[in-house]
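Both backbone and side-chain heavy atoms feed into the values below; hydrogens, waters and symmetry mates do not. In what follows, residues are counted from 1 in the order of the sequence shown.
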Amino acid sequence: EVQLQASGGGLVQAGGSLRLSCAASGFSFDRTAIGWFRQTPEQERERLACINASDGSSYSADSVKGRFTISRDDAKNTVYLQMNNLNAGDTAVYYCAAGGPRSVVASRCPPPKLYTYWGQGTLVTVSS
């Protein structure tokens with residue numbers, strides 16, 4: 001059974017940092033590209049960052065570039081999203097996803113509809 005467990009969310013003050021984790025099981029993690037997304041009640045699911053499996057290359061969306069960094073540890077079957085200099089606009093539920101294209105960086109991260117497996121989401125709340 002494929003499982004993605006997102007964690008690390010919480011309440012943080014503006015300007016602070018959080019590191020989200022996505023722990024995976026049930027598939028060949030080291031051969032799978034992973035994406036991070038977020039969603040609010042007012043907005044569609046937004047692509048944030050993605051990371052290839054083959055070479056570990058990554059891409060971050062313009063909206064978070066320079067503040068958010070995606071990385072992976074294949075030994076732990078885990079992908080991380082380091083988020084720095086958070087602001088109120090970053091308040092959302094954050095999701096990780098797998099089961100999409102093997103190479104995601106070249107396409108600047110595929111849209112949500114191309115991913116098969118999703119974690120349950122972790123809530124990030126940034127207070128101003």
Side-chain angles (χ1 to χ4, degrees):
E1 179 186 6
V2 173
Q3 289 189 340
L4 295 170
Q5 183 75 30
S7 62
L11 176 64
V12 63
Q13 289 187 337
S17 298
L18 282 175
R19 189 178 77 160
L20 305 184
S21 299
C22 175
S25 61
F27 60 95
S28 298
F29 181 82
D30 59 348
R31 300 179 183 179
T32 304
I34 304 291
W36 278 103
F37 300 79
R38 67 185 177 189
Q39 189 169 17
T40 68
E42 297 80 20
Q43 294 182 329
E44 294 183 350
R45 198 160 291 192
E46 177 189 7
R47 288 172 277 186
L48 297 177
C50 57
I51 188 164
N52 281 347
S54 57
D55 57 5
S57 58
S58 63
Y59 178 83
S60 297
D62 289 343
S63 59
V64 299
K65 193 165 293 183
R67 298 191 301 124
F68 291 12
T69 303
I70 189 172
S71 62
R72 64 189 298 151
D73 185 341
D74 289 347
K76 296 182 178 179
N77 280 14
T78 301
V79 170
Y80 304 98
L81 186 68
Q82 177 67 43
M83 307 187 297
N84 299 327
N85 194 21
L86 289 161
N87 58 62
D90 296 316
T91 295
V93 178
Y94 285 69
Y95 299 90
C96 56
R102 292 197 64 180
S103 179
V104 293
V105 173
S107 63
R108 299 186 178 185
C109 301
K113 66 180 180 181
L114 294 185
Y115 287 89
T116 303
Y117 305 111
W118 290 86
Q120 84 289 359
T122 185
L123 177 62
V124 173
T125 303
V126 183
S127 62
S128 56

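- Rounded to the nearest 0.5 angstrom, Glu46 CD and Tyr95 OH are separated by 13.5 Å.
- A 6.0 Å sphere centred on CZ of Phe27 holds more than 12 heavy atoms belonging to other residues, nucleotides or ligands.
- From Thr125, atom OG1 reaches atom CD of Gln13 across 13.0 Å, with rounding to the nearest 0.5 Å.
- Using a 4.5 Å cut-off on side-chain heavy atoms (C-beta onward), Arg38 and Val124 make no contact.
- Trp36 is listed as a side-chain neighbour of Val79, based on a closest heavy-atom distance under 4.5 Å.
- Remark: side-chain polar atoms of Arg102 are not paired, donor with acceptor, to backbone N or O of Ser54 under 3.5 angstrom.
- Taking OG of Ser103 as the start and CG of Asp55 as the end, the distance is 7.5 Å to the nearest 0.5 Å.
- By the 6.0 Å and 45° rule, Arg47 does not stack over the aromatic ring of Tyr59.
- A donor-acceptor pair is defined here as one N or O able to donate and one able to accept, closer than 3.5 Å; such a pair exists between the side chain of Gln120 and the backbone of Ala6.
- The two residues Gln43 and Gln39 make their nearest non-hydrogen contact at O-CG, 3.4 Å.
- Within the 4.5 Å cutoff, side-chain heavy atoms of Trp118 are placed close to those of Pro112.
- Between the side chain of Asn52 and the main chain of Ala33, no donor-acceptor pair closer than 3.5 Å is present.
- Smallest separation of non-hydrogen atoms from Thr122 and Gly8: OG1-N, 4.0 Å.
- Connection of Val64 to Ile51 is established within a shared hydrophobic cluster, with ILVMFWY side chains joined at heavy-atom distances below 4.5 Å, either directly or through further cluster members.
- With hydrogens and angles disregarded, a donor-acceptor distance shorter than 3.5 Å links the side chain of Thr91 to the backbone of Val126.
- Taking the side chain as every heavy atom from C-beta outward, Leu20 and Phe68 never approach each other to under 4.5 Å.
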List the steps, then state whether side-chain contact (heavy atoms from CB on, under 4.5 Å) holds for Ile34 with Thr32.
-> CA-CA 6 Å; Ile34 304 291; Thr32 304; 4.2 Å; yes

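- Ser17 has its side chain within reach of Asn84: a pair of non-hydrogen atoms, C-beta onward, lies under 4.5 Å apart.
- If you take CE on Met83 and CZ on Arg19, they are separated by 11.5 Å, rounding to the nearest 0.5 Å.
- Taking OH of Tyr80 as the reference point, atom SG of Cys96 lies at 12.0 Å (rounded to 0.5 Å).
- Expressed to the nearest 0.5 Å, how far CZ of Phe29 lies from SG of Cys22 amounts to 7.0 Å.
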Can you check side-chain contact (heavy atoms from CB on, under 4.5 Å) on Asp90 and Arg67, steps first, answer last?
-> CA-CA 11 Å; Asp90 296 316; Arg67 298 191 301 124; 2.7 Å; yes

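- Heavy atoms only, all atoms of each residue included: Gly99 and Tyr117 are closest at CA-CD1, 3.9 Å.
- Minimum interatomic distance between Pro110 and Leu114 (heavy atoms only, all atoms of both residues): CB-CD1, 3.9 Å.
- Under the 4.5 Å side-chain heavy-atom criterion for grouping Ile, Leu, Val, Met, Phe, Trp and Tyr, Leu48 is connected to Leu4 within one hydrophobic cluster.
- Taking the side chain as every heavy atom from C-beta outward, Arg45 and Tyr115 never approach each other to under 4.5 Å.
- Within a 6.0 Å radius of NZ in Lys65, other residues, nucleotides and ligands contribute more than 12 heavy atoms.
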Please report the C-alpha distance between Asp73 and Thr78 in whole Å, then the side-chain angles of each, then the deciding distance to 0.1 Å, and finally whether the side chain to side chain donor-acceptor pair (under 3.5 Å) criterion is met.
-> CA-CA 5 Å; Asp73 185 341; Thr78 301; over 6 Å; no

